[in-house]
Enquirer: 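Sharing a structure below in structure tokens format, with a few things to ask.
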Amino acid sequence: MSSKQFDVVVIGGGPGGYIAAIRAAQLGFNTACIDEWKNAAGGPALGGTCTNVGCIPSKALLQSSEHYEQAAHHFADHGIGLKDLSIDVETMLGRKDTVVKQNNDGILYLFKKNKVSFFHGRGAFSKAVDGGFEITVGDQTVQGRQIIVATGSSARALPGVPFDETQVLSNDGALRVGAVPKKLGLIGAGVIGLEMGSVWRRLGAEVTVLEGLPTFLGAVDEQIAKEAHKAFTKQGLKIELGVKVGDIKVGKKGVSVAYSGADGEAKKLDVDKLIVSIGRVPNTEGLNVEAVGLKLDERGAVVVDENCRTSVSGIWAVGDVVRGPMLAHKAEEEGVAVAERIAGQHGHVNFNTVPWVIYTSPEIAWVGETEKQLKARDVKYKVGTFPFMANGRARALGDTTGMVKFIADATSDEILGVHIVGPMASELIAEAVVAMEFKASSEDIARICHAHPSLSEATKEAALAVDKRTLNF
Ligand code: FAD
Ligand code: NAI
């Protein structure tokens, strides 16, 4: 059997893999990408978790459910009357599927445009060959001088409670619930728990989230997390912290979760559906890493250095399958950096300026360090905050929850972190990322002209607040 030869072979067509393949092709390498994801018809569905069961479909449902929430509770404030408001879940899911397909097809088009060869199927290492590696894809083999592993991650199940995607749902099933459940339970108040909980709560489900840790959103700046917790609770999301989940019984009609509360009291939660969102595990099963001696850590993640080099020269790994935050944009940046390194360039990812966004309402977004992290490092800092309540555009939008918070070095005034909870935080954070990449001070932002009326004025005002001279508060 003859092998097809490539300069670069990427295993995995999620944001880490497909972007790495495109960048490698742009740099003049003969590139192939292998991806096994199938759409409902069995055809290819490029884009990985992000496009198929992650970032894109979740944001489509967040948008639909937010429209519903606005229509149900806020249109009246604008003098808009609605009779017989209803939600057709099938249409909502259909729209989401269309958005996903547009993205799948978009990546196939990009592969054609950039002359990336695509192989649909599971890739597995077969052996090291002279000047590269051989990989099997079904009954074909391909060889690459350089290999990029970008196989992503999958939802972690609770021990003894497998996902059936009907009653016990991973992120996949959570995006395909055919009718609004009366009672929905979630285990894990992390990013997926809050986003998916918000979708189904807005559509009328009674949602309870059980979180193991005693603090809410421990990675988020404390002041921001507190504000978000207040907003979510007011919306009707029930969040129980510090719980210990015990027996889970899956019956014909629902799921029963035995747990103890923070005070140790034994409790039970009966729900129609249960989403388990307790983190994700790297996808390395079936890759046959032993064939080439690729080292994995105790979680099954591919071990890499800061430049995504694995233990085997000529094999790289990026995205969710390696250490670091499981974020699509982090995977993409690593993919680009690796392709550039293969080309002898100096691709680099600045982990200190990777933004985080939680697409709830209010949105939560941040970049850089929290007060807690700075205290732990004994760094002296100044803080400036500005509430959206005092921002004209937020008032006009009717969305005044939250604030922008700047943390700057006490001596140099360099921005160390920006934390936002409020409308369009996902978009506002970009300015902070640029500022931090350019090592800006809070005074730099405070002296930049921002359009009026805009939410971004709250960013400028928070920067002014570091020097205690807000103009509108
Ligand atoms: P993946 O996207 O997981 O892609 C890996 C691909 O490799 C898959 O197509 C898989 O089928 C394929 N594959 C695996 N093994 C093999 C093999 N042996 N052979 C061939 N193909 C293989 N991140 C954000 O930044 N923003 C968000 O808003 C966001 N929302 C999310 C919402 C949800 C519900 C979830 C679950 C995740 C979300 N994420 C979000 C995280 C984001 O999806 C991941 O960080 C991102 O997809 C990681 O990209 P990746 O390329 O490393 O892996
Ligand atoms: P997560 O790590 O964000 O949250 C998991 C939560 O579950 C944590 O709070 C943890 O303390 C809790 N937990 C763990 N085990 C538990 C147990 N046995 N009982 C009760 N609570 C338990 O993981 P999640 O939400 O599954 O998402 C996975 C990853 O996907 C995220 O870390 C993020 O990187 C990515 N993602 C990103 C999004 C975005 O960028 N907007 C959206 C959704 C996911």
Side-chain angles (χ1 to χ4, degrees), residues 50 53-74 87 92 96 169 171 174-175 177 180 184-211 213 215-241 275-279 325-329 355-367 370 387-389 394 397-405 418-430 455 458:
C50 168
V53 290
C55 324
I56 301 298
S58 62
K59 267 80 252 178
L61 294 190
L62 279 158
Q63 189 61 50
S64 299
S65 58
E66 182 60 20
H67 282 323
Y68 182 82
E69 171 120 323
Q70 288 293 326
H73 303 293
H74 305 292
I87 175 77
M92 178 182 80
K96 178 236 355 167
L169 315 175
N171 55 294
L175 292 159
V177 180
V180 181
L184 175 69
L186 285 108
I187 300 188
V191 198
I192 295 180
L194 293 173
E195 289 189 358
M196 295 320 300
S198 294
V199 166
W200 297 107
R201 195 242 353 119
R202 288 170 191 166
L203 299 179
E206 189 184 317
V207 179
T208 307
V209 192
L210 303 179
E211 165 60 43
L213 292 177
T215 42
F216 179 63
L217 287 178
V220 176
D221 186 83
E222 217 170 313
Q223 191 179 5
I224 299 291
K226 224 180 198 171
E227 188 80 10
H229 187 268
K230 205 166 70 188
F232 298 148
T233 308
K234 199 169 151 205
Q235 290 163 2
L237 209 60
K238 286 188 205 146
I239 305 167
E240 284 203 50
L241 301 173
I275 299 175
V276 177
S277 47
I278 56 169
M326 289 186 168
L327 296 173
H329 42 283
W356 279 83
V357 179
I358 307 177
Y359 293 81
T360 42
S361 180
E363 291 184 345
I364 304 168
W366 72 98
V367 59
T370 61
F388 283 107
M389 198 184 52
L397 284 172
D399 196 353
T400 52
T401 310
M403 70 181 89
V404 180
K405 172 173 182 173
V418 176
H419 307 268
I420 308 175
V421 53
M424 289 293 171
S426 55
E427 301 295 332
L428 293 173
I429 202 65
L455 297 170

Enquirer: List for me each residue that meets side chain to side chain donor-acceptor pair (under 3.5 Å) alongside S64, sequence neighbours excluded, and say none if there are none.
Expert: none
Enquirer: Could you give the distance from NZ (K405) to CD1 (I224), rounded to the nearest 0.5 Å?
Expert: 6.0 Å
Enquirer: Residues in salt bridge (charged side-chain N to carboxylate O under 4.0 Å, His left out) with E240, at least two apart?
Expert: K267
Enquirer: Can you tell me how far apart CD1 (I278) and CG (L210) are? Round to the nearest 0.5 Å.
Expert: 12.0 Å
Enquirer: P423: which residues meet the side-chain contact (heavy atoms from CB on, under 4.5 Å) condition with it, sequence neighbours left out?
Expert: F388, D399, L455
Enquirer: Answer yes or no: does atom CE of M92 have more than 12 heavy-atom neighbours from other residues, nucleotides or ligands under 6.0 Å?
Expert: yes
Enquirer: So, taking the atom named OG in S426 and the one named NZ in K59, what distance separates them when rounded to the nearest 0.5 Å?
Expert: 9.5 Å
Enquirer: Go through the structure and list residues passing side chain to side chain donor-acceptor pair (under 3.5 Å) with H74, not counting sequence neighbours.
Expert: none
Enquirer: Nearest heavy-atom pair of I275 and A174: which atoms, and what distance?
Expert: CD1-CB, 3.5 Å
Enquirer: Taking all non-hydrogen atoms of both residues, which atom of E66 and which atom of S361 are closest, and how far apart?
Expert: OE1-CB, 3.7 Å
Enquirer: Provide the closest heavy-atom pair for V421 versus P362 in the form atom of the first, atom of the second, distance.
Expert: CG2-CG, 3.7 Å
Enquirer: Mind checking side-chain contact (heavy atoms from CB on, under 4.5 Å) for A425 and listing every partner two or more places apart, or none if nothing turns up?
Expert: E363, A365, I420
Enquirer: Could you tell me which residues satisfy side-chain contact (heavy atoms from CB on, under 4.5 Å) with E206, sequence neighbours excluded, listed by chain and number?
Expert: K183, K238
Enquirer: Is there a side chain to side chain contact (heavy atoms under 4.5 Å, CB included) between W366 and I358 once you walk through the steps?
Expert: CA-CA 9 Å; W366 72 98; I358 307 177; 4.1 Å; yes
Enquirer: Over all heavy atoms of both residues, which pair between A225 and V220 is shortest? Give the atoms and the distance, please.
Expert: N-CG1, 3.9 Å
Enquirer: Assign the ring pair H229 / F216 to parallel, tilted or perpendicular, where the plane angle (0 to 90°) is split at 30° and 60°.
Expert: perpendicular
Enquirer: Got a sec, which residues hit salt bridge (charged side-chain N to carboxylate O under 4.0 Å, His left out) with K226, two or more places apart in sequence or on another chain?
Expert: none
Enquirer: For M196 and S277: C-alpha separation, side-chain torsions, deciding distance, then whether side chain to side chain contact (heavy atoms under 4.5 Å, CB included) applies.
Expert: CA-CA 9 Å; M196 295 320 300; S277 47; over 6 Å; no
Enquirer: Enter the distance from I239:CD1 to L194:CG here, rounded to the nearest 0.5 Å.
Expert: 6.0 Å
Enquirer: Under the ring-ring contact (aromatic ring centres under 6.0 Å, His included) test, which residues partner Y68, sequence neighbours left out?
Expert: none
Enquirer: To the nearest 0.5 Å, how far apart are CG in L62 and CD in E69?
Expert: 11.0 Å
Enquirer: Strictly by modelled atom types, are Q223 and E227 linked by a side-chain donor-acceptor pair under 3.5 Å?
Expert: no
Enquirer: S198 and T360: which non-hydrogen atoms are nearest, and at how many Å?
Expert: OG-CG2, 3.6 Å
Enquirer: Got a sec, which residues hit side chain to side chain donor-acceptor pair (under 3.5 Å) with S65, two or more places apart in sequence or on another chain?
Expert: R202
Enquirer: Kindly compute the distance separating CD1 (I192) from CG (L169), expressed to the nearest 0.5 Å.
Expert: 12.0 Å
Enquirer: For G236 and R201, which heavy atoms make the closest approach, and how far apart are they?
Expert: C-CD, 4.1 Å
Enquirer: With sequence neighbours left out, write down each residue that passes side chain to side chain donor-acceptor pair (under 3.5 Å) with N171, or none if nothing qualifies.
Expert: R280
Enquirer: Is the count of non-hydrogen atoms from other residues, nucleotides or ligands lying under 6.0 Å from E222 atom CD greater than 12?
Expert: no
Enquirer: I'd like to know if the side chain of K96 reaches the main chain of L175, judged simply by a donor and an acceptor atom lying under 3.5 Å from each other, with no hydrogens or angles considered.
Expert: yes
Enquirer: Report the residues that fulfil ring-ring contact (aromatic ring centres under 6.0 Å, His included) with W200, sequence neighbours left out, ordered by chain and then residue number.
Expert: none
Enquirer: Holding to side-chain contact (heavy atoms from CB on, under 4.5 Å), I want the full list of residues that pass it with H329, two or more places apart in sequence or in another chain.
Expert: L327, V354, P355
Enquirer: Between S58 and Y359, is any pair of side-chain heavy atoms under 4.5 Å apart?
Expert: no
